[in-house]
Protein chains: 2
Amino acid sequence: MKSAQQSVFKALADPTRRSILKVLQKGSLTAGDIALKFPMTRASLSHHFNVLKVADLVRTERRGQHIVYSLNTTVFQEMTQMLMELFASDAEDNERSKPQ
Amino acid sequence: MKSAQQSVFKALADPTRRSILKVLQKGSLTAGDIALKFPMTRASLSHHFNVLKVADLVRTERRGQHIVYSLNTTVFQEMTQMLMELFASDAEDNERSKPQ
DNA sequence: TATATATTTAGACAAATATCTAAATAAATG
DNA sequence: CATTTATTTAGATATTTGTCTAAATATATA
């Protein structure tokens, strides 16, 4: 089971994804427009978009042929709260029996 | 080249490490005391400690046989600032030439 | 100094991740 | 309806990561 918290931290762990978020701060963009700004294939970027979507850090909207990516506007609040809660329970994943 | 920002986000991406930080919030502990709280070997934990140290999220002090781990007290300020700067330049790593 | 305790380091390995190319899907337009 | 453009999906691969066991290092103490 993957907590929302975990998916957000994972998403933020990659510099390309943080950079995508930064770009989107200036305004929503289509996948293609974002792609112009990054030195990798659209397929690779699509993977990153998906990670950001799973973490609910971005939202999408189809506009004709294009898909427009936007920052989830609650992202900062969420992240701030997440920091406050950084140290709240999030390690249920570790509930295994002790080895050795 | 790995920015300080990158090392912090990477460090926070693992739930065990976030949990270690949470534990240390309540007060400094020796590596052994921390180990009592986690279902993995001390070797594995030592690896996590090292990631946290590289990110400067924890500090260490030897006390006799023991090594005491403490939260770097500036951690919250740093993380808050990091959030503010989340969208400032951090993708120098991506400066490659465009494929295809 | 020998032994016990605490912690880290080294090396191996499986799982996860980031990237690629090629193919598939979706919408617009001639 | 065929073609073009936009984006995603599928599958492959190299790298990174989290974990383990075993060995090494450091300190304390009999």
Side-chain angles (χ1 to χ4, degrees), chain A residues 1-3 6-20 24 28-55 58-70 90-91 93-100, chain B residues 1-3 6-20 24 28-55 58-70 90-91 93-100:
Chain A
M1 203 153 303
K2 194 159 190 171
S3 70
Q6 177 58 18
S7 66
V8 172
F9 279 111
K10 279 285 184 170
L12 295 176
D14 183 86
T16 296
R17 289 193 290 265
R18 292 199 303 282
S19 198
I20 290 169
L24 289 178
S28 302
L29 286 177
T30 67
D33 285 343
I34 297 172
L36 293 174
K37 300 171 176 287
F38 291 86
M40 66 186 61
T41 65
R42 280 143 201 265
S44 296
L45 282 169
S46 190
H47 157 72
H48 287 304
F49 295 156
N50 198 52
V51 174
L52 291 169
K53 270 199 287 194
V54 166
V58 301
R59 296 282 170 77
T60 61
E61 174 199 353
R62 178 172 278 280
R63 205 170 295 170
Q65 268 172 301
H66 301 271
I67 300 205
V68 179
Y69 280 84
S70 315
D90 179 49
D93 310 65
N94 290 330
E95 304 292 336
R96 297 186 287 108
S97 57
K98 185 97 178 177
Q100 103 175 342
Chain B
M1 204 152 299
K2 194 159 191 170
S3 70
Q6 177 58 18
S7 66
V8 172
F9 279 110
K10 278 285 182 166
L12 295 176
D14 183 86
T16 296
R17 288 192 292 265
R18 292 199 302 280
S19 197
I20 291 169
L24 290 178
S28 302
L29 286 177
T30 68
D33 285 342
I34 297 171
L36 293 174
K37 300 172 177 285
F38 291 87
M40 67 185 62
T41 64
R42 281 144 200 267
S44 297
L45 282 169
S46 189
H47 157 72
H48 287 305
F49 296 156
N50 198 52
V51 174
L52 291 169
K53 270 199 287 194
V54 166
V58 301
R59 296 282 168 77
T60 61
E61 173 199 356
R62 179 172 278 279
R63 206 171 292 171
Q65 270 171 300
H66 300 270
I67 300 207
V68 180
Y69 280 85
S70 315
D90 179 49
D93 310 66
N94 289 329
E95 304 292 336
R96 297 187 284 107
S97 57
K98 184 98 179 177
Q100 106 177 345

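Every chain is numbered from 1 and lettered A, B, ... according to where its sequence line falls, protein lines coming before strand lines. In this text, all values refer to a predicted model and were calculated from it rather than measured experimentally.
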Quick one: side chain to side chain contact (heavy atoms under 4.5 Å, CB included) partners of [X], sequence neighbours excluded?
X     : answer
A:V54 : A:S7, A:N50
A:L24 : A:I20, A:L29, A:I34, A:V58, A:Y69, A:L71
A:S46 : none
A:R63 : A:E61, A:V68

Expressed as a whole number of angstroms, how long is the span from [X]:[atom1] to [N]:[atom2]?
X     : N      : atom1 : atom2 : result
B:N50 : D:dT16 : CG    : P     : 17 Å
B:D14 : D:dT16 : CG    : P     : 17 Å
B:F38 : D:dT19 : CZ    : P     : 11 Å

Q.
Among residues at least two apart in sequence or on other chains, which ones pass salt bridge (Lys or Arg N to Asp or Glu O under 4.0 Å) with A:R59?
A.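 Listed in chain order: A:D56.
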
Please determine whether a side-chain nitrogen or oxygen atom of [X] lies at a distance below 4.0 Å from atom OP1 or OP2 of [N].
X     : N      : value
A:K10 : C:dT17 : yes
B:S44 : D:dT19 : no
A:T41 : C:dC20 : yes

Q: Output the single nucleotide from D:dT8, C:dT19, C:dT8 whose closest atom is nearest the side chain of A:F49.
A: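 Taking heavy atoms from C-beta onward, the closest nucleotide is D:dT8.
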
Q.
So if I take every side-chain heavy atom of A:T16 and compare against C:dT19, C:dT7, D:dA22, which nucleotide ends up nearest?
A.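 Of C:dT19, C:dT7, D:dA22, C:dT19 is nearest to the side chain of A:T16.
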
Q. Which part of the nucleic acid does A:A43 contact within heavy-atom distance under 4.0 Å: base, sugar-phosphate only, or nothing?
A.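 If one applies the 4.0 Å heavy-atom cut-off, A:A43 turns out to touch a base.
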
Q) Using a heavy-atom distance cut-off of less than 4.0 Å, which residues of residues 60-70 of chain A contact DNA chain D? A)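 Within residues 60-70 of chain A, the residues near DNA chain D are A:Q65, A:H66, A:I67, A:Y69.
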
(Q) Which is more 5' along DNA chain C, the nucleotide nearest A:H47 or the one nearest B:T30? Just name the residue. (A)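 The residue closer to the strand's 5' end, by nearest nucleotide, is B:T30.
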
